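Remarks on the structure that follows.
First listed ligand is number 1; within each ligand, the first listed atom is number 1. Only this structure's heavy atoms are used, side chains among them; waters, hydrogens and symmetry mates stay out. Note that this is a predicted model, so its numbers are computed, not measured.
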Amino acid sequence: MTADRHEALVVGAGPVGMTAALALRALGRSVTVLEAGAQDRLRPGSRAIFVHGVTLGVLDRSCPGLADTLAAHGVLWHTKRTFYEGREVFRRSYPPPAPGRLPHFTSLPQVDTERHLLQACKAAGVEFAWNNAVTGAESTSDGVVLTTAEGARWQADYVIAADGASSSVRKAIGTVMAGDRSDGWYIVVDTEEDPADPLPVERVFHYGHPAVDGRNVLLVPFAGGWRVDLQLHDTDDPEELRQGDGLRSWLRAVMPPAYAERVTWASSYQFLQVVADDFADPHRRVLLVGEAAHLFAPFGARGMNSGVPDADAAATAVHLALSTPVRARAIAAVEDFAISRRRAALFNRDAAGVSLEHLRPDDEVRARQRAAAEGAADDEKLGHWLDIAPYGPREAPPANTIYRY
Ligand SMILES: Cc1cc2nc3c(=O)[nH]c(=O)nc-3n(C[C@H](O)[C@H](O)[C@H](O)COP(=O)(O)OP(=O)(O)OC[C@H]3O[C@@H](n4cnc5c(N)ncnc54)[C@H](O)[C@@H]3O)c2cc1C
């Protein structure tokens, strides 16, 4: 509890909140992170395994060396393969990155990224207030007062809200999320690497896997294990295929059987494609970042990879706003953040939506996929199209390149 007024408070010690805190410290600002959970809280699942090279670059600017640390703890697959109804239609291998260069991406469990971010934050002097669930946020032109479940009040000039998909701060400032929920269910599974039967480190997508009744399957390696996504038929029961024998039987059909006994996490989900109607409160004192501001379908990996540049841009805006005695300039700095990051989020939502058009194709897209699969042996471009389509376009939002994704 504190009666002091802070320059900046961050709500939420997920990857996006910690990125914002780290960026504020790099700009010379003091910052405290209020987190609802305990420091040793369990965060289930591998979640944001695919950490894009641009994300590594953004983190490295705030904490030189952090990108190398994450890359050293992640894996990089050099081969991508795509199958259509059991037949390989695309395979490409890439050389490893040149020595001294950051990789295009690294793949590691989100909890590991968070562990390294936490260490970096502590080394940089970020303060943490664990077990502080923010329940209220009152913003005026003078600043913000946050209240917690315990009844504590925290005052700040600016608040960066990174409290995730159910953001209490977003609700408190009256911001609304708009968008759709995609039809269709998916099961996502983490399974530990079997040292007795390690698999080649390759990313593999199956259109209509014949061993699982023609469902789409994605297999992605990460440090220590594999992530497997199964796209369900409309008639499937997600609960049945998410656990017990239902889970083991389809997993055994797409991986060596031992992997079905090494499952560490399984979840069923539908995609949300939603974006906040404004990324800041009317007084331009509260800035929304990460999943507090947007949720995308995970194919294309635009979740954490767009939350990190949100956080970096929010920290820069808060620093600029604190640096000027002219209120109108401070408002303009936050406004720039809100407009540019919302534009990026809309772009990312649409890009993730393109991937859904390929995962849940209409008759026309299905016919194009079939024709491409038939022609892939003679024309590599067709196989390449099949390979990249499930992840949506590769382009980043057309903003300042340091705020890509
Ligand atoms: C299956 C799956 C796969 C994914 N794969 C990828 C991927 O490959 N690449 C990618 O970029 N993204 C991926 N994502 C998305 C990624 O996991 C999220 O974008 C990321 O976790 C969002 O980070 P965040 O910090 O905004 O929110 P969160 O990670 O949700 O963190 C929010 C934090 O705020 C805290 N909190 C909540 N409420 C309060 C409160 N009232 N007061 C104080 N603290 C609070 C929470 O305890 C938590 O610590 C994936 C997600 C899923 C589910």
Salt bridge flag under 4.0 Å for residues [X] and [Y]:
X	Y	answer
K80	D387	yes
E35	R41	yes
D363	R368	no
R252	E261	yes
R47	E114	yes
D278	R342	no

How close does the nearest protein non-hydrogen atom get to [atom], and which residue and atom is it?
atom	result
atom 8 (O) of ligand 1	F50 N, 3.2 Å
atom 42 (N) of ligand 1	V134 N, 2.9 Å
atom 39 (C) of ligand 1	D163 CB, 3.6 Å
atom 22 (C) of ligand 1	E291 CG, 3.5 Å
atom 53 (C) of ligand 1	R47 CG, 4.0 Å
atom 16 (C) of ligand 1	Q110 OE1, 3.6 Å
atom 34 (O) of ligand 1	G12 CA, 3.3 Å
atom 7 (C) of ligand 1	A48 CA, 3.3 Å

I'd like the name of whichever of R41, R43, R227 reaches closest to atom 29 (O) of ligand 1 through any heavy atom.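 Residue with the shortest heavy-atom distance to the ligand atom: R43.
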
Among G14, S267, G164, G307, whose heavy atom sits nearest atom 27 (O) of ligand 1?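 Ranked by closest heavy atom to atom 27 (O) of ligand 1, first place is G164.
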
So is [X] in contact with ligand 1, going by heavy-atom distances below 4.0 Å?
X	result
M18	no
V169	no
H52	no

Is the closest N or O pair between [X] and ligand 1 shorter than 3.5 Å?
X	result
A36	yes
V16	yes
R302	no
A292	no

At a 4.0 Å threshold, what atoms of ligand 1 neighbour a non-hydrogen atom of [X]?
X	result
G290	26 (O)
S168	41 (N)
N132	42 (N), 43 (C)
V11	42 (N), 43 (C)
A133	42 (N)
I49	7 (C), 8 (O)
P15	23 (O), 25 (O), 29 (O)

Test H384 against every option in I388, L382, L386 by the side-chain contact (heavy atoms from CB on, under 4.5 Å) rule and name the one that passes. I388

Angle class for the F279/F337 ring planes (parallel below 30°, perpendicular above 60°, tilted otherwise)? tilted

In the structure I gave you, are the side-chain heavy atoms of P96 and H78 within less than 4.5 Å of one another anywhere?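 In short, these two side chains touch, coming nearer than 4.5 Å.
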
Once side chain to side chain donor-acceptor pair (under 3.5 Å) is applied, do any residues pair with Q231, and if so which ones, sequence neighbours excluded?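 Applying side chain to side chain donor-acceptor pair (under 3.5 Å) to Q231 gives N216.
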
Just wondering, more than 12 heavy atoms not from [X] lying within 6.0 Å of its [atom1]?
X	atom1	answer
H233	NE2	yes
R329	CZ	no
E202	CD	yes

Point-to-point distance, once rounded to the nearest 0.5 Å, from CE of M177 to OG of S166: 9.5 Å

Backbone, side chain, both or neither: what part of L34 comes under 4.0 angstrom of ligand 1, heavy atoms only? backbone

Looking only at heavy atoms, is any part of A162 under 4.0 Å from ligand 1, and if so is it the side chain, the backbone, or both, or is it neither?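 A162 to ligand 1: backbone contact only, side chain stays beyond 4.0 Å.
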
State whether F296 and R349 meet the cation-pi test: NZ (Lys) or CZ (Arg) under 6.0 Å from the six-membered ring centroid, and within 45° of the perpendicular axis.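 Geometry flag: not set, cation outside 6.0 Å or 45°.
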
